Amino acid sequence: MQVTTEKLIELLNHDLELEYSAAIQYINHAAVMTGAAYGDIIKELKIHANEEIQHAMILADQIDYLSGLPTVKVGEIKTSKENETMLKQDLAGEEDAIRRYKVRIEQAEALKEFALAQQLRTILATEQEHAMDLKQALGQ
Ligand SMILES: [Fe+2]
Ligand SMILES: [Fe+2]
């Protein structure tokens, strides 16, 4: 689990790429999703998009603090013509983020980067809320 600061910067930059792609994916899904039954979740997806941008800002600042160079690369974006497929794509992204941030918190603490760990915990809590919103919309 122990990593060097250089390795942690590399991993945080991967997280940052995926925050950018999550924001874009949510903007796209909120725009193309249709149907009266999806009105509430469409509003939630727009909120998620803004929260992913907030996460990207936090990660970019933290990478800079660690003397790293924040990436401007964007990760893979998934979309579909089917509402339910889009929600499943979003949920898969959130579940991946939850897995990554749990590991990242432990790695930050091992390096005694406690402020970073605290920021990552805040991000993790939001990703868990996102996953719950999506599960509810999927009837899971
Ligand atoms: Fe996020
Ligand atoms: Fe999220």
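Since the structure is predicted, the reported quantities are computational estimates derived from the model, not experimental observations. All residue numbers in this chain count up from 1 along the given sequence. First listed ligand is number 1; within each ligand, the first listed atom is number 1.
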Only pairs at least two apart or in different chains count here, so list each ring-ring contact (aromatic ring centres under 6.0 Å, His included) that has a residue in residues 55-114.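 Listed by first then second residue: nothing to list.
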Is any protein N, O or S atom closer than 2.8 Å to the Fe ion (ligand 1), and if so, which?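 Result, waters dropped: Glu19 OE1, Glu19 OE2, Glu52 OE1, His55 ND1, Glu127 OE2.
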Set of side chain to side chain contact (heavy atoms under 4.5 Å, CB included) partners for Glu6, sequence neighbours left out: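 Result, side chain to side chain contact (heavy atoms under 4.5 Å, CB included) vs Glu6: Thr4.
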Under a plain distance cut-off of 3.5 Å, with no hydrogens placed, do Gln107 and Arg104 share a side-chain donor-acceptor pair?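 Checked: Arg104/Gln107 side chains pair up, N/O donor to acceptor below 3.5 Å.
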Is there a side-chain contact between Met33 and Leu87, using heavy atoms and a 4.5 Å cut-off?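 Result yes, sub-4.5 Å side-chain heavy-atom pair found.
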Provide the full list of side-chain hydrogen bond (donor to acceptor under 3.5 Å, both in side chains) pairs with a residue in residues 131-140, sequence neighbours left out, each pair given once.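 Listed once each, the pairs are His48-Asp133.
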Do NZ/NE/NH1/NH2 and the carboxylate oxygens of Lys88 and Glu84 come within less than 4.0 Å?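 Yes, charged N to carboxylate O under 4.0 Å.
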